[in-house]
Amino acid sequence: MGRNIIKAGTKIPKHIAIIMDGNGRWAKKRFMPRGYGHKMGMERMIGLLERAFDLGVSYVTVYALSTENLSRPQEELNGLYDLIRTYFDKYMGKICERGVGLRVIGDTSLLPEDVQTILKNSEEKTAKYQDKCVNVALCYGARAEIVRAVNTAVQQGEKVTEEGFSSLLYTAGQPDPDLLIRTGKEIRLSNFLLWQCAYAEMYFSKKMFPEFSDKNLDEAIVWYSSRTRRFGKTDEQL
Ligand code: IPE
Ligand code: IPE
Ligand code: MG
């Protein structure tokens, strides 16, 4: 065990959003198929979730499959669906024990039906847990999410406030992400949580996702803790 870099005064973000990128490149570098990278990425994600909740984080949103990813080769997509089939039930019991709920965000109607059933069951089993939650973004795109919310608002026929609009998004009722982490070297959002991350602190890691360790998560949190969040004000006003 290395030295724990999280100290008593470290500010822990309430909500962390993670873009788990770099699985394919990580596997390729090891002369392995992309699917192997996704499997190792899935296992790493489980470890990171445990670490985050141990540290007192309440919400974690993980970007696991974007709307745009649906145009990847069918073989890769089938491998990803298989991972959900294998890992979801197995892992859900473990997170339930911690009182963590699961919410799937995105257009799940685009997933195979048996996968939809697995996800729905996990959501239902953990629906009683509201204070701590893992949001798994599957077939998710932020623009699609916003358009969906706009259409709901139009149907309701009333003008919306910012709070009212937030409550029409998949993340309704949850605080916005404080810290956004993206692995895999890219410095972009790739259509993730465009509305919710308006004031998120952004941390970009050169590590590929399967090699992003618990210690790397701690480092991101220590970095977050050192940021001054002004929300438009001056230092003197804080
Ligand atoms: C992220 O890893 C996971 C998914 C998008 C499903 P990638 O599959 O994008 O890995 P790279 O970016 O090709 O290395
Ligand atoms: C973003 O990664 C989506 C997920 C991690 C699920 P991508 O690999 O799809 O992003 P781009 O295409 O490089 O922007
Ligand atoms: Mg990628």
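Both counts, for ligands and for their atoms, begin at 1 and track the order of listing. Computed from a prediction, not measured in an experiment: that's the story for all the values here.
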**Report entry** Short side-chain donor-acceptor distance under 3.5 Å, Gln155 and Asn151
**Finding:** no
Query raised in the report: Taking atom types as modelled, is there a side-chain donor on Ser213 or Asn216 under 3.5 Å from an acceptor on the other?
Result: yes
Report task. Determine the interplanar angle of the Tyr63 and Phe192 rings, folded into 0 to 90°, and report it as parallel if under 30°, tilted if 30 to 60°, perpendicular if over 60°. Result -> parallel
Report task. Determine, for Tyr87 and Lys90, whether the Lys NZ or Arg CZ falls below 6.0 Å from the six-membered ring centre while staying within 45 degrees of the axis. Result ->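 Output yes; distance and angle both within limits.
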Query raised in the report: Would you say Glu186 reaches the Mg ion (ligand 3) with an N/O/S atom under 2.8 Å?
Result: no
Using a 3.5 Å cut-off on N/O to N/O, what pairs does ligand 1 make with the protein? A line per pair would be great.
| unit_1 | atom_1 | unit_2 | atom_2 | d |
| --- | --- | --- | --- | --- |
| ligand 1 | 2 (O) | Gly22 | N | 3.4 |
| ligand 1 | 2 (O) | Asn23 | N | 3.3 |
| ligand 1 | 8 (O) | Arg34 | NH2 | 2.8 |
| ligand 1 | 8 (O) | Arg72 | NH1 | 2.7 |
| ligand 1 | 9 (O) | Asp21 | OD1 | 2.9 |
| ligand 1 | 9 (O) | Arg72 | NH2 | 2.9 |
| ligand 1 | 10 (O) | Gly22 | N | 3.4 |
| ligand 1 | 10 (O) | Asn23 | N | 3.2 |
| ligand 1 | 10 (O) | Gly24 | N | 2.9 |
| ligand 1 | 12 (O) | Asp21 | OD1 | 2.8 |
| ligand 1 | 12 (O) | Arg25 | NE | 3.3 |
| ligand 1 | 12 (O) | Arg25 | NH2 | 2.8 |
| ligand 1 | 13 (O) | Arg34 | NH1 | 3.2 |
| ligand 1 | 13 (O) | Arg34 | NH2 | 3.0 |
| ligand 1 | 14 (O) | Gly24 | N | 3.3 |
| ligand 1 | 14 (O) | Arg25 | N | 2.7 |
| ligand 1 | 14 (O) | Arg25 | NE | 2.8 |

Query raised in the report: Is there a chain of hydrophobic side chains (I, L, V, M, F, W, Y, each step under 4.5 Å between heavy atoms) that links Ile19 to Phe212?
Result: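 Result: no, two separate clusters.
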Query raised in the report: Do Trp195 and Ile18 share a hydrophobic cluster (ILVMFWY, side-chain heavy atoms under 4.5 Å, transitive)?
Result: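 Each belongs to a different hydrophobic cluster.
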Query - Closest approach to the Mg ion (ligand 3) by Asp21, given as the N, O or S atom name - result: OD1
Query raised in the report: With a cut-off of 4.0 Å, which atoms of ligand 2 are near a heavy atom of Arg188?
Result: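 Matching atoms, with element in brackets: 11 (P), 13 (O), 14 (O).
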Query raised in the report: Is the ring centre of Tyr224 less than 6.0 Å from the ring centre of Tyr203?
Result: no
